[in-house]
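Scroll down for the structure; my scribbles are underneath it.
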Amino acid sequence: MARGIRSGSGIQSRALTSAWPVTRQQSERREPGVREGRSHAGLQPQRGEDLQPERGPEPPRDVRRRIELIQDFDMPTVSTKIKVSRDGQYIMAAGTYKPRIRCFDTYQLSLKFERCLDSEVVTFDILSDDYSKIVFLQCDRYVEFHSQHGRYYRTRIPKFGRDFSYHYPSCDLYFVGASSEVYRLNLEQGRYLNSLQTDASENNVCDINPIHCLFATGTAEGKVECWDPRTRSRVGVLDCALSSVTADTEIDGLPSISALKFNGALNMAVGTSTGQVLLYDLRSSNPLIVKDHQYGLPIKSIQFQDPLGLIISADSRIIKMWNKDTGKIFTSMEPEHDINDVCLYPNSGMLLTANEDPKMNIYYIPVLGPAPRWCSFLDNLTEELEENPESTVYDDYKFVTRKDLENLGLAHLIGSPLLRAYMHGFFMDIRLYHKVKMMVNPFAYEEYRKEKIRQKIEETRAQRVQLKKLPKVNKELALKLIEEEEEQQPTRKKKQKNLPNILTDDRFKVMFENPDFQVDEKSEEFRLLNPLVSKISEKRKKKLKILEQQEAQEQEEEEEPEGKPSDAESSETSDDEKGWVEEVRKQRKLLRQEEKVKRQERFKEDQQTTLKPQFFEIKTGEEFRSFKDSVKKQKLMKKTLGDRLKLEEKLGTLSVSDTTVGSKQMTFKLKKSGQQKKQQEAEKQHHQERKNIRRSASHLKSKRGRRGSF
């Protein structure tokens, strides 16, 4: 578990409260009743009986173990979003009530300015390196642009917005929300452009890849659509809802996309409303890793920590850090209040969170990176903490899975303080586990006693002589393999390793279980390839009968299996080649006789069948020609090209003429079907009727037109 310092609620911290960061030695010398100030003179009590302050009650231990890095780093009621400027100097947070934005200067460790807004902020983004250019998306469809002095401009989008992204090459803002369209606002031209039409009913989140500027939007149907801003066309769709559902996950409805984040040119992380995080490679439609938060709450934020290859994902209950290659948990944090947003301070191990609480928390984990430049003294504090390590022991807790909770009837406690999510299950108090176990199954001791008795009986049975049990399918093949193995056992050396057995190998298990793999001994191939099987099979059939009798008597009586008959063992000698040839000839004669019988049966069936004439219908628009036309066509195809050209010239369908240059020109007239001829005749009649009806318009000319004519 990573050790760190938290600002706000006091987990894993070891210093007194102060408006300005101080070392532990200074804070321990300070009296508890003295108020702290900015100057060093205020750190010591004023002398004099009248001016000496009264000693108040000692502050609680949680307050004494807290570090306040930035003065007044809080909101009146709730903080919703938090971001850091690209230069790392300013931290901006949005919250309520009343709706406002606060900017904190890290170099001064205090509040820079505060601005109140007309409505609550859904999300915002810092377009410049500092706080000079900020865009706010508000809950009443308004978009506000702020500069250093305050609000610069205000406009409105057609539908309620939920997220937006800024495309730096074209200066376009992409807005997504309660609509199937993605609205584009160009900041250079100051006007709206044609929107992008998606296949979704609503869009929840969006993001733009910082390298190749691919635009991606997460829909309410659980899909991610990727668009190319240059051509304004869709380039791909990922069905994340289907990929997030695995055999272990349980969902109540269709997962929608609640978080989206790009990393580099190829990786993209997607968070769902059911608590899963999917890591994709853009070259594949299947996720590389699916990570479940085990709480069933929507994923609020996803961040990438590249130096250690970690993904920081957060829902309203927990922040998890896990390896993006293996999915192994690195560490996790559970604050006291619900989380609204998480921001990773660039190039450091500091995390900033916006919570359902006035106080905004700051976490510092040294393993993730060094402390920022403006609070470098945190490294010294963590070194002091490492001198006295505290080991976390879970002796008083029981690890249970989701299936165990369902068996105990405690599935309704998921999400409550009684269960703490860890890996693929939960930790619960061992006393509570034992109480519930006794209530659910009061006869657990009796079951344990019966299980022990059964194990002892099986141990005694293993010492007895066990009978050979053959499979249901391919019994003769199994018996052959057993005999071969018994024959090879005395010939093997002691040091030689045992060869794998087909009967015990899982790869060939289906061959002795599925009836489709039954060997057909009556087939032609089997009889020709195995001419001596008939003799050997007779011997094995005797053994099969003996084994079947033994299996039938196994439940009633326990007898030793009979051995091989001495006659059968003595007859098992190698056959001569003459016997093999005779057996092959016999099999071929039998096959020929079977073929003759089959031919006679087919001939009788052909004689009994009566042929009936078949009638064919001619398609509409086609004329019936005699069957002699096909014969003429076949004769024509057999002739040479020159003969066919002469025949076409006689019929008038082909004409050959010489040109002035000396080459020849050839024209063809294709044959037309009867339907085309009828259509041409109908068109000629129609044109002729139009000519007859047409009247001249010469009498409509005016006198003015006649004068103007030349």
Side-chain angles (χ1 to χ4, degrees), residues 1-6 8-14 60-62 65 246-252 274-277 290-297 312-323 326-339 355-357 361 363 365 367 385-386 388-456:
M1 196 75 173
R3 301 186 60 84
I5 295 177
R6 170 186 164 184
S9 55
I11 295 178
Q12 296 179 355
S13 61
R14 298 211 176 181
R61 186 178 181 182
D62 182 37
R65 292 169 58 89
T246 59
D248 300 333
T249 57
E250 296 180 3
I251 57 173
D252 298 331
T274 55
Q276 289 87 26
V277 181
V290 179
K291 191 69 177 177
D292 196 348
H293 272 220
Q294 303 289 341
Y295 280 110
L297 300 174
I312 304 172
S313 55
D315 55 19
S316 58
R317 283 291 305 275
I318 191 171
I319 303 172
K320 286 192 175 184
M321 304 180 191
W322 45 281
N323 192 294
T326 61
K328 185 179 179 181
I329 286 290
F330 179 75
T331 186
S332 61
M333 296 178 290
E334 289 190 45
E336 297 178 1
H337 304 279
D338 291 346
I339 303 169
N355 319 296
E356 290 287 329
D357 187 62
N361 294 335
Y363 296 92
I365 302 176
V367 183
L385 290 174
E386 289 177 357
N388 300 319
E390 296 179 1
S391 60
T392 304
V393 183
Y394 294 98
D395 293 337
D396 299 334
Y397 290 89
K398 172 70 175 177
F399 180 79
V400 291
T401 61
R402 189 181 291 270
K403 188 176 180 180
D404 296 337
L405 291 175
E406 291 177 356
N407 295 334
L408 296 173
L410 300 178
H412 62 281
L413 295 180
I414 296 175
S416 65
L418 298 175
L419 297 177
R420 183 181 295 272
Y422 182 75
M423 294 177 66
H424 62 284
F426 305 89
F427 274 117
M428 66 180 300
D429 195 340
I430 190 68
R431 294 170 295 177
L432 176 62
Y433 176 77
H434 287 315
K435 286 182 181 179
V436 176
K437 188 76 173 175
M438 290 297 297
M439 292 173 64
V440 172
N441 191 6
F443 304 102
Y445 176 74
E446 294 293 333
E447 293 180 358
Y448 172 77
R449 183 170 172 272
K450 291 179 181 179
E451 183 68 20
K452 283 291 183 182
I453 293 171
R454 189 183 62 81
Q455 290 179 2
K456 289 184 178 180

_Donor-acceptor contact below 3.5 Å, side chain K320 vs main chain I329_ = no
*If you look at every heavy atom in H424 and T401, which pair is closest and at what distance?*
CD2-CG2, 3.8 Å
*asked:* Rounded at 0.5 Å granularity, tell me how far CZ in F330 sits from CH2 in W322.
replied: 14.5 Å
*Of all heavy-atom pairs between G275 and D292, which one has the smallest distance, and what is that distance?*
O-OD1, 3.2 Å
*What's the spacing between I319 CD1 and N361 CG if we round to 0.5 Å?*
8.5 Å
*Do you know which two heavy atoms are closest between Y397 and D429, and how far apart they sit?*
CD2-N, 4.0 Å
*Check step by step if side-chain contact (heavy atoms from CB on, under 4.5 Å) holds for M428 and L418.*
CA-CA 6 Å; M428 66 180 300; L418 298 175; over 6 Å; no
*How many angstroms lie between atom CG of L408 and atom CG of L413, to the nearest 0.5 angstrom?*
10.0 Å
*asked:* Assess the residue pair I365 and M321 against the criterion (side-chain contact (heavy atoms from CB on, under 4.5 Å)); give the C-alpha distance rounded to whole Å, side-chain angles, the decisive distance to 0.1 Å, and a yes or no.
replied: CA-CA 11 Å; I365 302 176; M321 304 180 191; 3.4 Å; yes
*Which residues share a side-chain contact (heavy atoms from CB on, under 4.5 Å) with K435, sequence neighbours left out*: none
*Between L410 and V400, does a side-chain contact (heavy atoms from CB on, under 4.5 Å) hold up when you go through it step by step?*
CA-CA 11 Å; L410 300 178; V400 291; over 6 Å; no
*Start with the C-alpha gap between D315 and R317, add the side-chain angles, then the distance that decides, and say whether salt bridge (Lys or Arg N to Asp or Glu O under 4.0 Å) holds.*
CA-CA 6 Å; D315 55 19; R317 283 291 305 275; over 6 Å; no
*Distance in Å, N355 CG paired with H337 NE2, rounded so as to fall on 0.5 Å steps*: 7.5 Å
*asked:* Please report the interatomic distance OH(Y295) to CD(E334), rounded to the nearest 0.5 Å.
replied: 3.5 Å
*Which distance, rounded to the nearest 0.5 Å, do you find between the CD of E336 and the CG of D357?*
8.0 Å
_Closest contact, heavy atoms only, I414 versus Q294_ = CG2-O, 4.1 Å
*Return the minimal non-hydrogen interatomic distance between A411 and E406, and the atom names on each side.*
CB-CG, 4.3 Å
*Y363 versus M333, closest heavy-atom pair with distance*: CD2-SD, 3.5 Å
*Output yes when R454 and E451 qualify as a salt bridge under the 4.0 Å nitrogen-oxygen rule, no when they do not.*
yes
